[in-house]
2 protein chains.
Amino acid sequence: MNNKTAARKSLPGHSRPPIAGTTIHAIVEATRTLLATQGYEALSMREVAAGAGITPPAIYRHFPNKDALIDFVVNDTLREFELHLLRAIAPLPVGSYERLLALGSAYIRVATEHEAQFKILFTRIRNRPRKLADFPGQWGYQVLRQCVVEAIDAGILREMDPDLASFFFWSRVHGIVMLLLACDFSDTLPPEIGDLTAENLFAATRDFVVSGLKAGP
Amino acid sequence: MNNKTAARKSLPGHSRPPIAGTTIHAIVEATRTLLATQGYEALSMREVAAGAGITPPAIYRHFPNKDALIDFVVNDTLREFELHLLRAIAPLPVGSYERLLALGSAYIRVATEHEAQFKILFTRIRNRPRKLADFPGQWGYQVLRQCVVEAIDAGILREMDPDLASFFFWSRVHGIVMLLLACDFSDTLPPEIGDLTAENLFAATRDFVVSGLKAGP
DNA sequence: AACTTATAGTTAACATCGTTAACACTCGGG
DNA sequence: CCCGAGTGTTAACGATGTTAACTATAAGTT
């Protein structure tokens, strides 16, 4: 009857959890799950608490407020994101065009898998745009830039400013993902593209970027 | 003392307003203003009501709920948006490259001026992506497509599927705008670009799209 | 001109949300 | 053995979107 865990569930006022960091982990995990299943607008501290097996005010022992909790979760995903990018290019030859394609695909994959967290980056208005350097792992920018530099050096890409080119690549993939999150093109685009996934549209417009759009000479 | 407008402000239970549609207009205008000044997350029905000179429940005589009110305002902006596009290309020659550039600039201008409303299109999670046809004025798509077709016919752009090309143009501009809303590149991109506005970055990366990125033959 | 009714306001209240205050249990270290 | 830090609890506050119940006016009907 006086089972410890039962006491931990039912009595007011608890001890520290058996393993340090357990509760924080549960809170973060519950937040992640709720973001993925119900989205940002539906995320409430009470649901997070329920998911973590505690009461709402207990969250505030670990995070100063809701924003900080969400920031933590999103930053965590951004850190993983850089690892995804690195893993995507690892097996491919340095300086290759394939590396750039792989980065685009990895970006699309993570963005669509973590749609809610991805949207949060653009939703939070209170803070003017964050400096790129303030994003964990610089949001993968250095990985992209490195691949661009190597591709230019290898003669795969023409000579150009690597930062400007990196921005260009990034904004291109980003635009496809964001546009598809808002708008359904299924009755608009030609059926031979197949499913209108970001991945497919990235592939279908690839040659536009490689060869350019101006009419040939 | 028994002034009518004074009575209208102080007594419980009012008549219809002197001119039909006046209150709706006041509500919409208050919403628009608050969105622009304080953003989406800070928008409350009570503030809207105060801005419109009524009490909160009165809003519900004209809009079923907050979402519908915001939808109305955003859709209104989208309708104006198409007019902006048409006005931007009107003075330029049919089939010209300049028309495509003007569309990009107009998109950027409206998106940055109505940042909050623009974000809303991507934030509202509850509704899966809306069909393009459901956006007022198809979000300007037909205007863009028309210009793309004319540019292809004029031999300015190479032969390609006009819908795919339109999607490509759109996603490109859209990506620049959205990326800059989230991230500040000021310590990253080369200073010769000038202010890191979407407009400037659109211009700076223009040649990448026109001529392509592959190393020249 | 008087009565009726739809319209468009009001006040009061509800549930839910993020958050804080006050309190309580438990563990580790003096 | 106590005691303070850590971590949980319950109760409550103010703000939010929204509804219920009521009311005054304007327009339409007889």
Side-chain angles (χ1 to χ4, degrees), chain A residues 2-28 30-31 34-35 38-73 120 124 126, chain B residues 2-28 30-31 34-35 38-73 120 124 126:
Chain A
N2 248 349
N3 184 311
K4 266 185 192 174
T5 60
R8 215 176 157 263
K9 281 284 171 195
S10 61
L11 287 182
H14 283 339
S15 73
R16 19 189 89 166
I19 302 157
T22 289
T23 306
I24 289 184
H25 187 259
I27 293 170
V28 169
T31 306
L34 287 171
L35 274 180
Q38 289 161 252
Y40 170 60
E41 308 224 323
L43 182 77
S44 81
M45 295 299 264
R46 282 170 169 85
E47 274 186 283
V48 169
I54 54 178
T55 55
I59 299 176
Y60 292 81
R61 297 289 170 198
H62 305 280
F63 299 93
N65 53 44
K66 189 183 182 183
D67 271 351
L69 168 59
I70 292 178
D71 273 350
F72 183 90
V73 171
I120 288 172
R124 309 283 273 293
R126 51 174 224 293
Chain B
N2 248 349
N3 184 310
K4 268 184 191 174
T5 61
R8 217 179 157 261
K9 281 283 171 195
S10 59
L11 286 182
H14 283 340
S15 73
R16 18 190 91 164
I19 304 158
T22 289
T23 305
I24 288 185
H25 187 258
I27 292 170
V28 169
T31 306
L34 286 170
L35 274 181
Q38 288 160 252
Y40 170 60
E41 308 224 323
L43 183 77
S44 82
M45 296 299 264
R46 282 168 170 85
E47 273 186 284
V48 169
I54 55 177
T55 54
I59 299 175
Y60 292 82
R61 296 289 168 195
H62 305 280
F63 299 93
N65 52 44
K66 188 183 183 182
D67 271 350
L69 169 58
I70 292 177
D71 274 350
F72 183 89
V73 171
I120 289 172
R124 309 282 275 292
R126 50 173 225 293

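Remember, it's a predicted structure, so these values are computed and weren't measured experimentally. Values reported hereafter were calculated over all heavy atoms of this structure, with side chains retained and with hydrogens, waters and symmetry mates removed. A, B, ... follow the sequence lines: proteins, then strands. Residue 1 opens every chain.
Place B:Arg61 and B:Lys66 on DNA chain D by their nearest nucleotides, and B:Lys66 ends up nearer the 5' end. Each of A:Pro56 and B:Thr55 lies near DNA chain C, and the nucleotide nearest B:Thr55 is the one positioned closer to the 5' end.
In this entry the distance linking CZ of B:Arg46 with C1' of D:dT19 reads 12 Å, nearest Å. Rounding to whole angstrom units, CZ of residue B:Phe63 and P of C:dG9 are separated by 12 Å. Per the geometry, NE2 belonging to B:His25 stands 19 Å off C1' belonging to C:dA8, to the nearest Å. Rounding to whole angstrom units, CG of residue A:Asn65 and P of C:dT20 are separated by 8 Å. One atom, OH of B:Tyr60, and another, P of C:dA13, lie 19 Å apart when rounded to the nearest Å. Residue B:Leu34 contributes atom CG, which lies 12 Å from atom P of D:dT16 at whole-angstrom precision. When the P atom of C:dC17 is taken as reference, atom CD of A:Gln38 falls 11 Å away, rounded to whole Å. Separating the CD1 atom of B:Ile24 from the C1' atom of C:dT7 is a distance of 12 Å, rounded to the nearest angstrom.
With rounding to the nearest 0.5 angstrom, the OH atom of A:Tyr40 is 5.0 Å from the CD1 atom of A:Ile70. Put simply, CE on A:Met45 and CG on A:Asn65 are 7.0 Å apart, with the number rounded to the nearest 0.5 Å. Note: B:Ile27 CD1 to B:Thr22 OG1 = 11.0 Å, rounded to the nearest 0.5 Å.
Between C:dG9 and B:Thr23, a contact under 4.0 Å exists linking OP1 or OP2 to a side-chain N or O. The shortest distance between the side-chain N/O atoms of B:His62 and the OP1/OP2 oxygens of C:dT7 is not below 4.0 Å.
In this structure, A:Arg61 and A:Thr23 have side chains that are not in contact, with every pair of non-hydrogen atoms separated by 4.5 Å or more. Proximity of B:Val73 to B:Phe63: side-chain heavy atoms (C-beta onward) are nowhere separated by under 4.5 Å.
Distances from the side chain of B:Pro57 to the nucleotides C:dA21, C:dC17, D:dT19 place D:dT19 closest.
Using a 4.0 Å heavy-atom criterion, one finds that B:Leu43 contacts the sugar-phosphate atoms exclusively.
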